[in-house]
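To keep things clear, I will list the structure first and then write my remarks on it.
Because the structure is a prediction, the values reported are computed rather than measured. In listed order, ligands and their atoms are each counted from 1.
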Amino acid sequence: MSTALQFNGRVALVTGAGAGIGRASARAFAAAGAAVAVVDIDAGLGEETVTLIRQTGGTAARFFPCDVSDEQQVAGLVRAVADTYGRLDFAHNNAGISPVTGNTANCPKALWDRIIAVNLTGVWLGMKYEIPAMIAAGGGAIVNTSSGVGLKAFPNQPAYVASKHGVVGLTKTAALEFATAGIRVNAICPGATLTPMVETKARAGAYTIEGMASMCPMKRIADPDEIAQVAVWLCSAGASFVNGAILPVDGGILAG
Ligand SMILES: NC(=O)c1ccc[n+]([C@@H]2O[C@H](COP(=O)([O-])OP(=O)(O)OC[C@H]3O[C@@H](n4cnc5c(N)ncnc54)[C@H](O)[C@@H]3O)[C@@H](O)[C@H]2O)c1
């Protein structure tokens, strides 16, 4: 029995694939042979990811514009992916935002609403439309990106922490609901990872990358590919009995 990643003939959809973890995930799915639907709200970034994938032989990759918080756009996205490729096997619901918000007592309502809409409602809407498409394809696997703060709180980002805790609950719920339909649903909880999100917040003075690294037992933050490899593995045959798992990928932070 082989557990190697062999996704030839399979179709993967990755949201937030224009940068960071999503871009690394889209590239990793393509490297394993999948046709990849590169989904992002930012067309320039999404097309850049497609170019990177095509440069390494992933000719089936295509960009699909979508704001994951908009139900009509998500429904249209999944329809377009199924029309383009004829099936949907894997989804990595990864798009997320983490603007500076202040604490629980002063987080502006508009920021709260947008963070919940993208990070939590966006993951739910993704699954809402991906699951029927996967059932039509005979089954599939979904990975949702939560966070270390989906399991343990961190001050001064109430909406972000709440959204990521919500992704954990949503992942477990869908895992129970569709286990007999041949769909596995898991979540990854990355620790600090060197992406545009973290670089922007570090530049804004929210934290330092050295400070994030010092909190990790491995004394460094992650490369996006170290997170992407786990997402892709969760979709593989090697993970065939992994369902409803909430998996920290954080160098050991949550062990302490
Ligand atoms: N970087 C980290 O340290 C870290 C840690 C834990 C969890 N995460 C989570 O991992 C995911 C990816 O984070 P990242 O660091 O790669 O972020 P990033 O900001 O570097 O990239 C996110 C991508 O998502 C896209 N996006 C934003 N809003 C969108 C929307 N409404 N619809 C579609 N696309 C949208 C952006 O255009 C961008 O290309 C997020 O859910 C984030 O919360 C990141």
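Atom CD of Glu226 is separated from atom CZ of Arg220 by 4.0 Å, given to the nearest 0.5 angstrom.
Between Ser69 and ligand 1, no pair of N/O atoms sits closer than 3.5 Å. When only interatomic distances are considered, the shortest N/O to N/O separation between Met197 and ligand 1 falls below 3.5 Å.
In terms of protein heavy-atom proximity, atom 37 (O) of ligand 1 is nearest to Asp40 OD1, 2.6 Å. For atom 32 (N) of ligand 1, the nearest protein heavy atom (residue, atom name, distance) is Val68 N, 3.1 Å. Among protein heavy atoms, the minimum distance from atom 8 (N) of ligand 1 is reached at Tyr160 OH, 3.6 Å. For atom 29 (C) of ligand 1, the closest non-hydrogen atom of the protein is Ile41 CG2, 3.7 Å. In this structure, the protein non-hydrogen atom closest to atom 44 (C) of ligand 1 is Ile21 CD1, 3.8 Å. From the protein, the heavy atom lying nearest to atom 6 (C) of ligand 1 is Pro190 O, 3.2 Å. Nearest protein heavy-atom neighbour of atom 21 (O) of ligand 1: Ala19 CB, 3.7 Å.
Of the residues Asn186, Thr15, Thr171, Asn94, the one that meets the side-chain hydrogen bond (donor to acceptor under 3.5 Å, both in side chains) test with Asn144 is Thr171.
A donor-acceptor contact under 3.5 angstrom links the side chains of Arg114 and Ser69, judged on distance only.
Arg184 contributes no side-chain N or O that, together with a main-chain N or O of Ala141, makes up a donor-acceptor pair within less than 3.5 Å.
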